[in-house]
Number of protein chains: 2
Amino acid sequence: MSYRVTMTRATASARPPGRPRSGVNAVVFAATLSAVHELGYARATVDRIAAAAGVAKTTIYRRWPSKGELVVDCLLDAFGPVPLEGAGRAELMSSAVRWIAAKISEPGVGDAFAGVFSDAVSDPALRKVLSARLQEPYRVALREALGEPDGRVLFFIDVVVGTLLHRMGMTGEPMVEADVAELVEMVVPHFGGDAGTAEGVSRGSR
Amino acid sequence: MSYRVTMTRATASARPPGRPRSGVNAVVFAATLSAVHELGYARATVDRIAAAAGVAKTTIYRRWPSKGELVVDCLLDAFGPVPLEGAGRAELMSSAVRWIAAKISEPGVGDAFAGVFSDAVSDPALRKVLSARLQEPYRVALREALGEPDGRVLFFIDVVVGTLLHRMGMTGEPMVEADVAELVEMVVPHFGGDAGTAEGVSRGSR
DNA sequence: CGGTTTCGCTACCTCAAGTATCGATACCAA
DNA sequence: TTGGTATCGATACTTGAGGTAGCGAAACCG
């Protein structure tokens, strides 16, 4: 639940007593994505990840309460903040879609995402973590950038992420550029990408 | 791989020697969906399913090689053929979307789908089964009904199923009617639901 | 140097998928 | 009725992975 933040030595204010944590979070993240990319989510065991990172398994469990939360943190690190750029509304939305698609296409990220998502299906606690730590920041950012109500933004996220993950899960490969383009062509007009001219297809329907 | 078909006594031609299988497939399917609905995919163990169906676990493993394939068969049984009805193109497509959404909303079906889909992420063999036994029939039916190329039909399926499953996976609840309606409003125009008038948004882009 | 915390290590627990085996049972054919 | 064959339920087992417990050693502070 409450992750103790690992800070760099210099910026730590009022350092707690005891031996400080070694700065291997980034190494563990890299090992996680690499293992998931090569072996798939289920076979990327914590033992393997620990070994690949040159770290004891117990060290990983000291920092993350479960494999699922490790992967969530890992994805959070891999995604970073949404670059909400673009002149008009349409550009902003299409760039967001393309950015999500690109991130999911990075080696290991899509598999990790789909894998942790699978775990969440039968684990309400992990579902909460996934929703609060991964989905919410992007939901808030998109809501403010687009000026859409929460429900619509959530629908937008479901469509984009769901489609990309389903494709990845069924084929094992990320979505090709042409299909990403079609996704943009489908989503943007529906969400009123025409920047003030047509005002979208079904604005205010919720 | 090759499931021995369980037939009713009367229609069996050239019955193989030995004790015939008891006709409990339907009971096992019901127990599977019920267990998955109540406990989630991971906690719906084969032991529990067997107990709920009043059947020995070994009997289940005699008929299905893995939990995943049991669930795939279960889903196949739950879905049945697509009812491709509707006068025009738009009606046909929207009814297909609504039908998929309704099926996924049935208790246990969505959870089972999401669960087996998760397993498939790190199990290429199961992915193949899922794709060949669940996706292909609907892909073929939709392709012939809509007259769209394979790539476009696959994209359609990815959007509809992916969106519905992602919503279910994140919230634990099936998508509400209003959102299903929005899904229809987004998908149908994009795929040329205007039945000959506008010919869709991006036909022939692939 | 003493206090505190993390480190790696080893051993362990739990749970679930899947396998092996065995006597009993249900069907068919001779 | 009897033998052949394949499934049945029951029990016990193997394997693998998530996660925990407890140890002495090491790193940092005052």
Side-chain angles (χ1 to χ4, degrees), chain A residues 3-10 12-25 27-28 32 35-36 39-72 115-116 118-120 122-123 125-126, chain B residues 3-10 12-25 27-28 32 35-36 39-72 115-116 118-120 122-123 125-126:
Chain A
Y3 302 88
R4 234 167 296 181
V5 179
T6 310
M7 344 185 80
T8 51
R9 311 289 158 83
S13 58
R15 186 203 321 246
R19 174 175 176 171
R21 289 191 166 172
S22 61
V24 291
N25 274 20
V27 180
V28 174
T32 302
V36 169
L39 307 165
Y41 183 78
R43 291 192 177 176
T45 68
V46 178
D47 273 299
R48 281 184 210 262
I49 293 171
V55 160
K57 185 171 75 159
T58 45
T59 297
I60 289 186
Y61 278 104
R62 260 178 225 117
R63 302 190 184 194
W64 297 276
S66 70
K67 177 181 173 180
E69 302 211 26
L70 161 63
V71 175
V72 169
V116 76
S118 341
D119 271 13
S122 37
D123 183 346
L126 181 58
Chain B
Y3 303 88
R4 235 166 297 182
V5 180
T6 310
M7 344 184 78
T8 53
R9 311 290 157 83
S13 60
R15 191 207 309 256
R19 174 175 178 172
R21 289 189 166 172
S22 62
V24 291
N25 275 19
V27 180
V28 174
T32 302
V36 169
L39 307 165
Y41 182 80
R43 290 192 177 176
T45 68
V46 178
D47 274 298
R48 279 184 210 263
I49 293 171
V55 159
K57 185 172 74 159
T58 45
T59 296
I60 289 187
Y61 277 105
R62 261 179 225 114
R63 302 190 184 195
W64 296 277
S66 71
K67 177 181 174 180
E69 302 210 24
L70 161 63
V71 175
V72 169
V116 74
S118 343
D119 270 14
S122 37
D123 183 347
L126 181 58

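Chain identifiers are assigned alphabetically (A, B, ...) following the order of the sequence lines, protein sequences preceding nucleic acid strands; residue numbering begins at 1 within each chain.
- Of the two residues contacting DNA chain C, namely B:S66 and A:T59, the nearest-nucleotide position lying further toward the 5' end is that of A:T59.
- Between A:D47 atom CG and C:dG8 atom C1' the separation is 13 Å, expressed in whole Å.
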Contact letters for nucleotides 20-25 of chain D, in which S counts primed atoms plus P, OP1 and OP2 and B counts the base, heavy atoms under 4.0 Å: BB----

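- At a threshold of 4.5 Å between non-hydrogen side-chain atoms, the residues A:T32 and A:L70 count as touching.
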A:L126 vs A:V72, side chain to side chain contact (heavy atoms under 4.5 Å, CB included): CA-CA, chis, key distance, verdict: CA-CA 9 Å; A:L126 181 58; A:V72 169; 4.3 Å; yes

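- Here A:K67 contributes atom NZ and A:Y61 contributes atom OH; the two are 8.0 Å apart, rounded to the nearest 0.5 Å.
- C:dC9 atom C1' lies 14 Å from atom CD1 of A:I60, rounded to whole Å.
- Going from atom CZ of B:R21 over to atom P of D:dT5 covers 18 Å, rounded to whole Å.
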Steps toward side chain to side chain contact (heavy atoms under 4.5 Å, CB included) verdict (B:V24, B:R63): CA-CA 11 Å; B:V24 291; B:R63 302 190 184 195; 3.7 Å; yes

Residues B:I49, B:I60; criterion side chain to side chain contact (heavy atoms under 4.5 Å, CB included); working and verdict: CA-CA 9 Å; B:I49 293 171; B:I60 289 187; 4.1 Å; yes

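- Picking from D:dG9, D:dA6, C:dG8 the nucleotide with the shortest atom distance to the side chain of B:P17 gives D:dA6.
- With sequence neighbours left out, A:A56 forms a side-chain contact (heavy atoms from CB on, under 4.5 Å) with A:T58, A:T59.
- Legend: salt bridge (Lys or Arg N to Asp or Glu O under 4.0 Å) pairs involving residues 39-57 of chain B, not counting sequence neighbours, sorted by first then second residue: B:D47-B:K57.
- Look at CH2 on B:W64: it is 15 Å from P on C:dT19, rounded to the nearest Å.
- The phosphate of D:dA17 (OP1 or OP2) has no side-chain N or O of A:T45 nearer than 4.0 angstrom.
- For the pair B:K67 NZ and C:dC15 P, the computed distance is 15 Å after rounding to whole Å.
- Regarding contacts with the backbone of D:dC29, a side-chain N or O of A:R15 is found under 4.0 angstrom from either OP1 or OP2.
- For the pair B:L39 CG and C:dA17 P, the computed distance is 12 Å after rounding to whole Å.
- Both A:G68 and B:G18 sit near DNA chain D, but only B:G18 has its closest nucleotide nearer the 5' end.
- Computed from coordinates, the A:L126 CG to D:dG18 P distance equals 13 Å when rounded to whole Å.
- At whole-Å resolution of the value, CZ in A:R43 and P in D:dA17 are 8 Å apart.
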